[in-house]
Amino acid sequence: MKPARFDYLQATSVTEAVGALAAAEGEAKILAGGQSLVPLMALRMGRPSLVVDVNRIPGLGGMAIADGVVRIGALTRHSALSEQRAHPLLAEAARWIGHQAIRSRGTVGGSIAHADPSAELPVVATALDAVALVANPAGRRRIPAADLFAGPFETTLGHDEMIIALDFPVPRRWGFAELSRRHGDFGLVTVAAAEIDGRVRIAVGGVGGVPYRAVDAEARLADVELTPAAFDEAARLTASGIDPADDLHATAAYRRAMTAEHTRRALLRLRERPEGVPA
Amino acid sequence: MKVGFTVNGEAVSMEVEPRTTLADALREGLGLTGTHLGCEQGVCGACTILLDGRPIRACLMFAVQASGCSVTTVEGMAAEDGTLHPLQRAFCDQHGLQCGFCTPGMLMSALHLLHRETSPTRRRIREELSGNICRCTGYASIVDAVQAAAEEMAAGMDDAAPTEVTGGTT
């Protein structure tokens, strides 16, 4: 349970970090919070020859709000995310991530880049159409959440790219519901519902390789009164749109049933929650 | 690589490989074996320490990353003269441990909680200790201990001078 040997670079700038990633030609890994990378290295499932530690790069933390969008620095810890008030949906989602000691170290950028299909933040990013700000040796680019998650633990980020911040639109109303066996576990089913520009968006995690955007259910809720009956219908449409697998945690049928129920709960919470008030 | 940080208020400096975890550096480099290693993959919580006042898994951080940081381990809880911290005493009094393997991590998580909240509910205590696994006690006595320590520490804050408290305070 000890990692294999690696070279270590404590990067002092984004330019230095992406330069080192490029030079390593895919053999390097970025070390942010380390809460997923270090266990994988301890288990020898990951053996990067170079570890680029980005924790000391100035300017990668912090948050700024402008035009209804909160920009969150990639190095922002889950603990800070759970304690901020600018984006209540993200604060609620962050409280569901792991345990206190995990939240002390784990970062927003790391969670998004790791793309665990059961993680909370990719679900919220998908529901909100968040945008990742990405640096590479040639410059910067923006990747919308819909184009970022490519499969389980897979993104469209190049080997020489790193996320430096994420733009999360602030919903007018929102609801979040997660089912996990024990407090702090990854969710069997995670649902985020958010109303932006008068339209309800729904994303579900834990039920496929990437977060599922429930477009049929969203269409059902467009331009109608948000009643419990409409929510039941949207929940049914959401559950019928997913294709979950059996695994040791739950059967596909159970995940489908829980997707319907937790979609319903997230939507009811969205309706009950007065504007801008945290859970 | 050379790395320097403070442990329980004392400045230390040591030579480590990049792959040396902070937990191994504390245990093998500094002889502070109070920090226990159970799973070495971030699941069990036995190696929980405080880094700049926040709980972290010492097995999920490399020692080189701790440069300039302030580390608190279970060895830093008792007073200079060996007087146990109220939490440590409460764990003894309330039978909050059996084999003791998970105890250092439990104490660190509980210490962080009591630094922030003076009278946490049992539910809050359970939430905050959810990342620490105990295979002996069934947790009820651990929650009792944290609650008893919280009451004792809150009572101590109310008094002008610290008071000697013996036995369980529930």
Side-chain angles (χ1 to χ4, degrees), chain A residues 1-12 28-57 75 77-80 82-83 95-107 110 180-186, chain B residues 1 3 16-25 28 37-69 105-106 108-113 115-117 120 123-133 139:
Chain A
M1 300 307 283
K2 312 285 184 192
R5 286 198 177 81
F6 56 83
D7 291 327
Y8 173 80
L9 172 70
Q10 192 172 84
T12 54
K29 287 298 282 184
I30 295 174
L31 174 60
Q35 302 302 287
S36 301
L37 175 64
V38 180
L40 288 173
M41 290 172 68
L43 294 162
R44 304 278 174 119
M45 289 161 74
R47 297 179 72 132
S49 60
L50 173 69
V51 167
V52 180
D53 184 352
V54 298
N55 281 277
R56 304 281 171 130
I57 297 179
L75 261 188
R77 312 282 167 183
H78 301 320
S79 52
S82 71
E83 288 159 13
R95 284 191 279 273
W96 286 83
I97 300 173
H99 310 282
Q100 189 68 258
I102 303 290
R103 294 194 292 273
S104 295
R105 294 292 301 165
T107 68
S180 59
R181 294 288 293 273
R182 290 166 302 235
H183 185 92
D185 279 6
F186 279 106
Chain B
M1 295 182 76
V3 63
V16 292
E17 272 190 84
R19 64 170 169 165
T20 306
T21 64
L22 182 54
D24 281 339
E28 292 169 19
L37 277 167
C39 68
E40 296 190 292
Q41 50 176 296
V43 175
C44 76
C47 68
T48 304
I49 59 164
L50 301 186
L51 183 86
D52 294 335
R54 286 205 67 98
I56 65 142
R57 307 264 204 249
C59 75
L60 294 190
M61 189 166 165
F62 298 113
V64 289
Q65 297 185 269
S67 169
C69 294
M106 290 281 180
M108 286 290 117
S109 293
L111 185 65
H112 173 254
L113 171 63
H115 280 162
R116 290 159 63 105
E117 298 176 31
R123 186 197 157 113
R124 278 291 296 137
I125 295 168
R126 283 187 173 275
E127 272 176 16
E128 291 297 298
L129 297 186
S130 63
N132 295 80
I133 294 173
Y139 303 101

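Worth knowing before you read on, the calculation uses all heavy atoms, side chains too, and leaves out hydrogens, waters and symmetry mates. Keep in mind that this is a model prediction, so the values were computed, not measured. Each chain gets a letter, A, B and so on, in the order the sequences are listed, and its residues count up from 1.
Between the side chain of N132(B) and the main chain of G105(B), a donor-acceptor pair closer than 3.5 Å is present. Looking only at distances, a side-chain donor or acceptor of S79(A) sits under 3.5 Å from a matching main-chain atom of R103(A). At distances below 3.5 Å, at least one donor-acceptor pair connects side-chain atoms of T20(B) with backbone N or O atoms of E17(B).
Only the side chain of R56(A) comes within contact range of chain B, with heavy atoms under 4.5 Å apart. Neither the backbone nor the side chain of M108(B) has a heavy atom closer than 4.5 Å to any heavy atom of chain A. Using a 4.5 Å cut-off between heavy atoms, R105(A) touches chain B through its side chain atoms alone. For chain A, no part of L50(B) is nearby; none of its heavy atoms comes within less than 4.5 Å. For L37(A), no part sits under 4.5 Å from any heavy atom of chain B, backbone or side chain. Proximity to chain A involves both the backbone and the side chain of S67(B), based on heavy atoms less than 4.5 angstrom apart. With a 4.5 angstrom heavy-atom cutoff, L40(A) does not touch chain B via any of its atoms. When heavy atoms are compared at a cutoff of 4.5 Å, Q10(A) approaches chain B solely by way of its side chain, counted from C-beta outward.
Residue with the most contacts toward chain A among C59(B), P55(B), S109(B), G45(B): P55(B) (heavy-atom pairs, distance under 4.5 Å). Contact count against chain A (heavy-atom pairs under 4.5 Å) is highest for Q65(B) among Q65(B), E127(B), M1(B), R57(B). Of the listed residues (Q35(A), R182(A), M41(A)), the one with the most heavy-atom contacts under 4.5 Å to chain B is Q35(A).
Between the CG atom of L129(B) and the OH atom of Y139(B) there is a distance of 9.5 Å, given to the nearest 0.5 Å. Between atom CE of residue M1(A) and atom CG of residue L43(A) there is a gap of 4.0 Å, rounded to the nearest 0.5 Å. Residue I97(A) holds its CD1 atom at 10.5 Å from CD1 of I102(A), rounded to the nearest 0.5 Å. Distance check: D52(B) CG to C69(B) SG gives 4.5 Å after rounding to the nearest 0.5 Å.
In this structure, K29(A) and F6(A) have side chains that are not in contact, with every pair of non-hydrogen atoms separated by 4.5 Å or more.
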